[in-house]
Amino acid sequence: MDYVPQFRRDALAFEAAIRRAADAEAAPLVPSCPGWSVADLVVHLGGVHRYVARLIRERLVEAPDHTDLAFLELPADTEGWPRPEDAPSHAPLPASLIDWFTAGAVALESLFERSSPDDTVWTWSREQTTGFWVRMQSIEMAVHRWDAENALAAARPIDAVLAADAVAQTFEVMAPGRRVMRPAPPGAGERFRFRQTDGAGDWTVRFEGDEVRFGESDGPGDVELAGSASDLMLYLWQRIPADRIEVKGDREVFDRWFTLVPPV
């Protein structure tokens, strides 16, 4: 799919949401990101965008020095900006923080458009390409747009095409990555089927030892989870509870999902 237009749409919607949040006397809390307010969410996402932009712009093939924060391009005056150690920040969102986010999102979008997806850059995944970051950041932008809107009122669903791709990306990228980053027990053949009710998506993932085997459909799953692509994606990103989707099958196996795929 063409990720860049979707990244742009969600970035603009995120900006609109945080500008609405700036009218409040205090930064609203983000229920789907415990311990954060909308201001903390803006700092997080703005920093991620500039980090990825540095990787792509400088064609870095190794993880950069995390103590050098010059890449954040902070303005001279950050009065009123949230500090990570004080989260959640209850102070009103400063206009300069929103402008900083917007400039970073625009710059990253421009880099995505100018770069080849096959360019080699460092990532935390086995796929070491710019294309990895385009896909990853389009998905993350959509999730955090949902977070920001959900902090203010009812959030709009994730675009169905992007959400379906994000479900597959969970099995292709996130699940193997999380099992490396966090302690996880070996799989014992647990098979999960995820079925999209607003499209043709139908995915099966099985855990065998340390392997995450995606795409096998030789027989029914131990558990079937069904819902819209948006709801399946949001469940996998731990944004909505399981009662928002339909679950059938072995509940003990179902309860092991977030043990087999540890949250980041």
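The side-chain heavy atoms of Val173 and Trp124, taken from C-beta on, include a pair separated by under 4.5 Å. Using a 4.5 Å cut-off on side-chain heavy atoms (C-beta onward), Val38 and Val30 make contact. Side-chain atoms of Arg239 and Pro31, non-hydrogen and from C-beta on, never get closer than 4.5 Å to each other. Residues Asp250 and Glu190 are not in side-chain contact: their nearest non-hydrogen atoms beyond the backbone lie 4.5 Å or more apart. Using a 4.5 Å cut-off on side-chain heavy atoms (C-beta onward), Val121 and Leu60 make no contact. Between Val212 and Phe207, some side-chain heavy-atom pair lies under the 4.5 Å cut-off. Leu111 is listed as a side-chain neighbour of Arg57, based on a closest heavy-atom distance under 4.5 Å. Between Val143 and Glu140 there is no side-chain heavy-atom pair separated by less than 4.5 Å.
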>> Go through it in stages, so that I can follow the logic: the residues are Met233 and Leu236, the test is side chain to side chain contact (heavy atoms under 4.5 Å, CB included), and I'd like the CA-CA distance, side-chain angles, deciding distance and then a yes or no.
In response: CA-CA 5 Å; Met233 172 192 179; Leu236 290 168; 5.8 Å; no
>> Go through it in stages, so that I can follow the logic: the residues are Val261 and Met174, the test is side chain to side chain contact (heavy atoms under 4.5 Å, CB included), and I'd like the CA-CA distance, side-chain angles, deciding distance and then a yes or no.
In response: CA-CA 8 Å; Val261 186; Met174 302 296 283; 5.9 Å; no
>> Checking Glu113 against Phe7 for the side chain to side chain contact (heavy atoms under 4.5 Å, CB included) test, could you report, in this order, the C-alpha distance in whole Å, the side-chain angles of both residues, the deciding distance, and whether it holds?
In response: CA-CA 11 Å; Glu113 289 182 322; Phe7 176 88; over 6 Å; no
>> Let's go through Arg83 and Thr78 carefully: what are the C-alpha distance in whole Å and the side-chain angles of both, what is the deciding distance for side chain to side chain contact (heavy atoms under 4.5 Å, CB included) to 0.1 Å, and is it a yes or a no?
In response: CA-CA 10 Å; Arg83 301 289 184 255; Thr78 58; 3.6 Å; yes
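Met181 and Tyr51 fall within the same hydrophobic cluster, defined by Ile, Leu, Val, Met, Phe, Trp and Tyr side-chain heavy atoms under 4.5 Å apart, directly or through other members. Hydrophobic clustering (ILVMFWY, side-chain heavy atoms < 4.5 Å, transitive): Phe71 and Leu97 are in one cluster. Under the 4.5 Å side-chain heavy-atom criterion for grouping Ile, Leu, Val, Met, Phe, Trp and Tyr, Val106 is not connected to Leu55 through any hydrophobic cluster. Hydrophobic clustering, with ILVMFWY side chains joined whenever heavy atoms are under 4.5 angstrom apart, groups Val4 together with Met141.
A donor-acceptor pair under 3.5 Å links the side-chain atoms of Trp100 to the main chain of Leu72, judged by distance alone. Listed for the Asp119 side chain is a donor-acceptor partner under 3.5 Å among the backbone atoms of Ser116. Counting only distance, with no hydrogens or angles, the side chain of Asp198 and the backbone of Ala229 share a donor-acceptor pair below 3.5 Å. At least one donor-acceptor pair closer than 3.5 Å links the side chain of Ser138 to the backbone N or O of Val134. Put simply, the side chain of Thr130 never gets that close to the backbone of Asp118: no donor and acceptor are under 3.5 Å apart.
No side-chain N or O of Gln169 forms a donor-acceptor pair with one of Glu172 less than 3.5 Å apart. Side chains of Asp40 and Ser37: a donor-acceptor N/O pair is present below 3.5 angstrom, by distance only. There is a side-chain donor-acceptor pair under 3.5 Å between Gln6 and Asp10. Remark: the Glu127 side chain and the Thr129 side chain contain an N/O donor-acceptor pair separated by less than 3.5 Å. There is no side-chain donor-acceptor pair under 3.5 Å between Ser32 and Trp237.
Environment of CZ in Arg19: crowded, with over 12 heavy atoms of neighbouring residues, nucleotides or ligands closer than 6.0 Å.
The CZ atom of Arg114 sits 11.0 Å away from the CD atom of Glu109 when rounded to the nearest 0.5 Å. Considering CD1 of Ile158 and CG of Leu232, their distance stands at 12.5 Å, rounded to 0.5 Å. In this structure, NE2 on His49 lies 13.5 Å from CD on Glu73, to the nearest 0.5 angstrom. Note that CG of Leu108 and CZ of Arg8 are 12.0 Å apart. Values are rounded to the nearest 0.5 Å. Expressed to the nearest 0.5 Å, how far CD1 of Ile18 lies from CD1 of Ile98 amounts to 5.0 Å. Here the CD-OG1 distance, from Glu246 to Thr197, works out to 8.5 Å after rounding to the nearest 0.5 Å.
Pairing each heavy atom of Arg178 with each of Pro263, the nearest pair is NH1-CA, 4.4 Å. When all heavy atoms are compared, the tightest approach of Pro82 to Val43 is CG-CG2, 3.4 Å. Summarising the geometry of Ala21 relative to Leu152, their closest heavy-atom pair is CB-CD2, 3.9 Å, with the distance given to 0.1 Å. Contact between Trp133 and Phe112 at its shortest, heavy atoms only, is O-CZ, 3.9 Å. Nearest heavy-atom pair, Asp210 versus Arg179, reported as atom, atom and distance to 0.1 Å: CA-NH2, 4.0 Å. Minimum heavy-atom separation, Leu93 to Ala27: CD1-CB, 3.5 Å.
In summary, the aromatic rings of Trp203 and Phe171 are positioned with their centroids too far apart to meet the 6.0 Å limit. In this structure, Phe258 has its ring center under 6.0 Å from that of Tyr235.
The aromatic rings of Trp257 and Phe192 stand perpendicular to each other, their planes meeting at an angle above 60°, with 30° marking the opposite boundary. Ring geometry for Phe14 versus Phe101: interplanar angle of 30 to 60°, hence tilted.
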